[in-house]
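Let me begin by presenting the structure, written as structure tokens, before commenting on it.
Every heavy atom of this structure was used, including side-chain atoms; hydrogens, water molecules and symmetry mates were not. Order of the sequence lines fixes the chain letters, A, B, ..., with proteins taken first and strands second; residue numbering starts at 1 for each chain. Worth saying up front: this structure is predicted, and the values here are computed from it rather than measured.
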Amino acid sequence: MDKPDTTPPPNFIRYIVEEDNRTGKFGGRVITRFPPEPNGYLHIGHAKSICLNFGLAADFGGHCNFRFDDTNPSKEEVEYVESIQADVRWLGFDWGERLYYASDYFEQLYGWAVQLIKDGKAFVCELSPDEIRDYRGTLTEPGRESPWRNRPVEENLDLFERMRAGEFPDGSLTLRAKIDMAAPNINLRDPVMYRIKHDPHHRTGDAWCLYPMYDWAHGQCDSIEGITHSLCTMEYEDHRALYDWYLDQLGLYHPQQIEFARLNLSHTVLSKRRLIQLVQEERVNGWDDPRMPTLAGMRRRGYPPAAIRSFCDRIGVGKRENLVDMALLEYCVREDLNRWAPRVMAVLRPLKVVIENFPEGRVEYLEAVNNPEDPGAGTRPIPFTREIYIEREDFLEDPPKKFYRLAPGREVRLRYAFFLKCHEVIKDPATGEVVELRGTYDPETRGGSAPDGRQVKATLHWVSATLALPAAVRLYDRLFTVPHPSSEAGDFKQYINPHSLEVIDPAWVEPSLAGAAPGSHFQFERLGYFCVDPDSTADRPVFNRTVTLRDAWAKVQQSEKKGKGS
RNA sequence: UGGGGGAUCGUCUAGCGGCAGGACAGCAGACUCUGGAUCUGCUUACCGAGGUUCGAAUCCUCGUCCCCCAGCCA
């Protein structure tokens, strides 16, 4: 129905697929795959690949396989195979029955290796890892052939069989392809196909002590599954020649590999190595810490999956190096949440206001709109009492020109309630800190407008000081202080933002939030979007700030500051 | 200086020989019971030098700069 809106912008991969369909290269089929290694959590960079692969297949009436590239048991764990599937599902994609594992093909791969040996195109090598490196040559000099390169086929076959049987220790032997030690493409200098690892595998258990290298497995896995378009990141461009070589020697079907640039996001890091460090060194509280760029972290932070998908559509797909501004992701998050997140009131840093002409002990219920963007969302009652809390930063005793919130003698509107006028400022005599405001309300302004037509410049959010619920609120900010921590000099961790998490406890939220379910989203009016954290308990909900609202006042303050400074 | 890739607004991206477009960010304004949302307007780009062509971001040549590759990782 709304097809034009959902059609993603054009990109070079789409053109290739369209062209392939025109020429009938794959008979009009479009089969892609998402092939994660279960050695860590998925992050926003994976989301780009997921959206690309699943989206492309869906748009061309094909399908996308889900395949774990589980060829290295020493790094892989079931925890990850589970979290990865949960994350892809959460993102909104469905692979039906098409869940595969590279380990499903171990036997087939082994058979193909035997075939290459018989054809004289692979050999068992006894060089140590150091020696292999040494023999490989350098970027500018050719390598030297392994002394074991011309072993008779029968001997290779025998040794390879015994490698599988477990007769040799880890690292003692490898199976290598016999290609060309002088190839300018280093991937073609007799690459290792199998290494010995007496390591139990999360799926095959101890059936194998011989594991295929990714380069040996990947092309054939794609081929077995009939993948038409095998999308991967740029660093695999050099490997394509090797995948093609294997497929050619084996006489197998060739998928078409297309490389695209991986995503870089500002103010964070997206390499598994660095994310793992953050987790292991406890710079964050686990993989799903809301500051992490992982899907699990973003989910906990409150980023809706639709926002992440929209982001992936907007960033496009290209081949050049890029650094996408976090502001774009935040825009997508706000754009989505704005449409459907219910609005509530919460005060983070309370300043008590006593409304002197409002009777003590009286509670008046006012009607508040749940979502101005969605009339169907209805209204809810909120209690108004003699003592309320307003946000501390909404009052200034000596307001600058552009500040039009509350000040002595000034009148403002309390959202969905009454006009409030401030008469008196009570301070701590010792510190001079404002501790309480005294004022009066105008009963005639119930609901928020004055019968006499007088206007106020500001509307403040508030909660009843007697009826509000205490809650813990976690304010998150960007994890790093610089746009591109991993390209900065020195250890990336020195650029961690020391203020990336601030906990406010207690903050005060309106009573309707009692029992809010973990994972549910709200807009705290004038403050931002918040998501209920799983750490919440019955008597103390915990809210994570997903993202702030766009803040025009903050910008005014900033530009004033800059103006003064220069 | 072996091989592979890439250079378009501040950022991301479109363009496929015919007016360089969009989004985010920024700026200005309108509107507003959220300084939210919405709406309007504005600023800003083809890495460089030659060539082909009536016409070049696009084709050709020569440069420059950036990224990737020397794991028994993926």
### Summary
Contact check, residues 38-47 of chain A vs RNA chain B, heavy-atom distance under 4.0 Å, returns none
### Sorted by number, the residues of residues 122-130 of chain A with heavy-atom contact under 4.0 Å to RNA chain B
L127(A), S128(A), P129(A)
### Summary
A correct 5'-to-3' footprint of nucleotides 64-69 of chain B, with B, S and - meaning base, sugar-phosphate only and no protein heavy atom under 4.0 Å, is --SSBB
### Task
Not counting sequence neighbours, list each pair that qualifies as a side-chain hydrogen bond (donor to acceptor under 3.5 Å, both in side chains) and has a residue in residues 323-332 of chain A.
E330(A)-R478(A)
### Query
With no angle test and no hydrogens, is the base of G35(B) tied to the side chain of R405(A) by a donor-acceptor pair under 3.5 Å?
yes
### Query
Which residues satisfy the side-chain hydrogen bond (donor to acceptor under 3.5 Å, both in side chains) test with R545(A), sequence neighbours excluded?
none
### Sequence-distant partners of N156(A), side-chain hydrogen bond (donor to acceptor under 3.5 Å, both in side chains), two or more places apart
none
### Task
Could I get the full list of ring-ring contact (aromatic ring centres under 6.0 Å, His included) partners for Y110(A), not counting sequence neighbours?
F160(A), W208(A)
Below 3.5 Å is the cut-off: list the nitrogen or oxygen pairs between protein and nucleotides 44-46 of chain B, distance only.
none

### Query
Where each pair must be Watson-Crick or G-U wobble with both distances under 3.5 Å, what dot-bracket representation of RNA chain B is obtained, with crossing pairs in [ ] and other-strand partners as |?
.((((((..((((....[..)))).(((((.......)))))....(((((..]....))))))))))).....
Report each atom pair, protein N/O against N/O of nucleotides 8-10 of chain B, whose distance is under 3.5 angstrom.
unit_1, atom_1, unit_2, atom_2, d
U8(B), O4, R320(A), NH2, 2.8

### Task
Kindly state each residue pair satisfying salt bridge (charged side-chain N to carboxylate O under 4.0 Å, His left out) with at least one member in residues 128-139 of chain A, sequence neighbours excluded.
D130(A)-R133(A), D134(A)-R144(A)
Distances for protein N/O vs nucleotides 16-23 of chain B N/O pairs under 3.5 angstrom?
unit_1, atom_1, unit_2, atom_2, d
A23(B), O2', R314(A), NH1, 2.9

